[in-house]
K.L.:
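Below is one structure. I have some questions about it.
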Amino acid sequence: MFTKQGPTVRELAVQALSSTERGYDLLAPKFDETPYRTPDRVLDAVTRAVRELGPFDAGLDVCCGTGAGVGVLRRLCRERAVGVDFSAGMLAEARGAFPPGSEGPAVHWVRADARSLPFAPAFDLALSFGAFGHFLPAERFGLFAEVYGSLRPGGQFVFPLGAPPPVGSRAYWSLFGFDAAMRVRNALWRPRFVMYYRTFRLGDVLEDLTQAGFVVRLLPLTELGLRPDGSPRARLVVATREGQDGPGGS
């Protein structure tokens, strides 16, 4: 699962026994050498799907990590891309990946907790990759409300969501086992490290997005494959803050 340049077992153990923030500070220099980084094929599929929803001027990557989503925004937005994360270590890696003077729209980095975003309604597009497992179900509505408040009227919040693995499959038991281990770890050890794979269920997510004020639709990401029943393995969630000004407006 890991390259030779990735973290050692000892480093992963130290990370897992740290807080979520401190754990990512420690992992940051080697994060892109782990399977936790969103694969390029997912980033490319989302880029192609979202491009059809534009144009966009300003974009926000929520929980940007080392900046993979900012790379997507720079391909989609005309003026600026902003990455926000609470890990100073991850932001440092992201800054190194997009040095000042790079071609494309301006890039800015903000250290903040996504549960309390420091933005006025300034963005046409917000996206996020692979971060939602770090939020407990009770925090999800508040997170979505913060993103809603950062979007201009007509702005869109998008993210890919994979279909759950079949019950009883190897993937099912792998995710079940991971979540169970994390629950035991967090019951016995402080500080907590919040990371769960099975708490971000589509029905609950759609309900929380709607309650936060979004109008939601789903787009199939068919290039990421189909399940045996013909349904897509992944969908793009498109949550729109409705209003008179469309995406790209001022």
Side-chain angles (χ1 to χ4, degrees), residues 2-3 5-7 11 15 20-135 143 146-147 150-152 155-160 221 236 247-248 250:
F2 296 88
T3 67
Q5 292 75 37
E11 288 171 332
Q15 178 214 0
T20 313
E21 180 179 349
R22 177 59 178 160
Y24 274 98
D25 284 346
L26 295 171
L27 182 61
K30 297 182 178 181
F31 179 82
D32 286 348
E33 302 297 332
T34 74
Y36 307 134
R37 182 188 184 275
T38 303
D40 286 341
R41 67 188 189 95
V42 175
L43 299 173
D44 292 342
V46 170
T47 300
R48 283 188 280 270
V50 175
R51 183 172 286 123
E52 301 300 317
L53 307 176
F56 307 102
D57 286 338
L60 176 66
D61 182 4
V62 181
C63 305
C64 65
T66 55
V70 169
V72 171
L73 291 175
R74 294 181 78 244
R75 295 158 65 181
L76 294 171
C77 297
R78 298 178 292 197
E79 295 181 1
R80 65 189 176 109
V82 177
V84 60
D85 203 282
F86 75 162
S87 166
M90 298 293 269
L91 287 171
E93 295 299 314
R95 288 189 183 96
F98 299 95
S102 300
E103 294 184 4
V107 176
H108 305 280
W109 307 100
V110 177
R111 187 182 181 193
D113 192 320
R115 294 166 294 190
S116 183
L117 291 173
F119 305 115
F123 299 97
D124 312 304
L125 175 65
L127 51 71
S128 191
F129 291 96
F132 296 121
H134 296 303
F135 299 92
L143 169 66
E146 288 293 313
V147 176
S150 301
L151 290 169
R152 297 169 178 164
Q156 297 173 83
F157 178 32
V158 304
F159 52 87
L221 294 171
L236 184 72
S250 56

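As a basis for the values below, the full set of heavy atoms in this structure was taken, side chains included, without hydrogen atoms, waters or symmetry mates.
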K.L.:
Is there side-chain contact between Leu125 and Leu76, with at least one heavy-atom pair below 4.5 Å?
P.N.:
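In contact.
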
K.L.:
Give me the atom names and distance for the closest heavy-atom approach of Ala122 to Ala58.
P.N.:
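Shortest heavy-atom separation between Ala122 and Ala58 comes out as O-CB, 3.8 Å.
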
K.L.:
Show every salt bridge (charged side-chain N to carboxylate O under 4.0 Å, His left out) that has at least one partner inside residues 43-56, sequence neighbours left out.
P.N.:
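The answer is Asp44-Arg75, Arg48-Glu223.
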
K.L.:
Do you know the tightest heavy-atom contact between Pro160 and Leu221?
P.N.:
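In this case the closest contact between Pro160 and Leu221 is CB-CD1, 4.1 Å.
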
K.L.:
Might you point out which heavy atoms bring Gly59 and Cys77 nearest each other, and give the distance in Å?
P.N.:
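Heavy-atom minimum between the residues: N-SG, 3.6 Å.
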
K.L.:
With a 3.5 Å distance limit and no angle check, can you tell me whether Asp57 reaches the backbone of Arg78 through a side-chain donor-acceptor pair?
P.N.:
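Answer holds: no.
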
K.L.:
Please report the interatomic distance CD(Gln15) to OG1(Thr34), rounded to the nearest 0.5 Å.
P.N.:
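Atom-to-atom, Gln15:CD and Thr34:OG1 are 8.5 Å apart.
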
K.L.:
Taking the side chain as every heavy atom from C-beta outward, state whether Phe56 and Leu73 have any pair of such atoms under 4.5 Å apart.
P.N.:
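Of all side-chain heavy-atom pairs linking Leu73 with Phe56, none is under 4.5 Å.
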
K.L.:
As an exercise, state the distance from CZ of Phe129 to SG of Cys63, rounded to the nearest 0.5 Å.
P.N.:
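Going from the CZ atom of Phe129 to the SG atom of Cys63 covers 12.5 Å.
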
K.L.:
To the closest 0.5 Å, what do you measure between CZ (Phe157) and CG (Leu151)?
P.N.:
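Output value for this atom pair is 8.5 Å.
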
K.L.:
Check Arg37 against Ala68 and note the closest heavy-atom contact, atom names and distance.
P.N.:
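Result for this residue pair: NH2-CB, 4.1 Å.
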
K.L.:
Tell me, do Asp85 and Tyr24 make a side-chain contact under 4.5 Å, heavy atoms counted?
P.N.:
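SC-SC contact between Asp85 and Tyr24 ruled out.
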
K.L.:
Step by step, would you call Leu91 with Cys64 a side chain to side chain contact (heavy atoms under 4.5 Å, CB included)?
P.N.:
CA-CA 8 Å; Leu91 287 171; Cys64 65; 3.7 Å; yes

K.L.:
Keeping to residues at least two apart or across chains, list the side chain to side chain donor-acceptor pair (under 3.5 Å) pairs with something in residues 89-99.
P.N.:
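Sorted result for residues 89-99: empty, none.
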
K.L.:
List the steps, then state whether side chain to side chain contact (heavy atoms under 4.5 Å, CB included) holds for Leu127 with Val50.
P.N.:
CA-CA 10 Å; Leu127 51 71; Val50 175; 5.9 Å; no

K.L.:
Restricting to non-hydrogen atoms, name the atom on Thr66 and the atom on Ala28 that form the minimum distance, rounded to 0.1 Å.
P.N.:
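Looks like CG2-O, 4.3 Å.
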
K.L.:
Is the side chain of Asp124 donor-acceptor paired with the backbone N or O of Pro55 at a distance under 3.5 Å, no angle test?
P.N.:
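Not at all, since once roles are kept as given, no pair shorter than 3.5 Å links the two residues.
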
K.L.:
So Phe119 and Phe123, would you call those rings parallel, tilted or perpendicular, with 30° and 60° as cut-offs?
P.N.:
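Because their plane-to-plane angle is over 60°, the rings of Phe119 and Phe123 count as perpendicular.
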
K.L.:
Which pairs count as side chain to side chain donor-acceptor pair (under 3.5 Å) when at least one residue sits in residues 106-122, sequence neighbours excluded?
P.N.:
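Matches after skipping sequence neighbours: Glu21-Arg111, Asp113-Arg115, Arg115-Glu139.
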
K.L.:
If you compare all heavy atoms of Val70 against all heavy atoms of Gly83, which two are closest, and at what distance to 0.1 Å?
P.N.:
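Nearest pair, atom of Val70 first, then Gly83: CG2-CA, 3.9 Å.
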
K.L.:
Roughly how far apart are Asp25 CG and Phe31 CZ, rounded to 0.5 Å?
P.N.:
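Answer for the CG-CZ pair, Asp25 versus Phe31, is 13.0 Å.
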
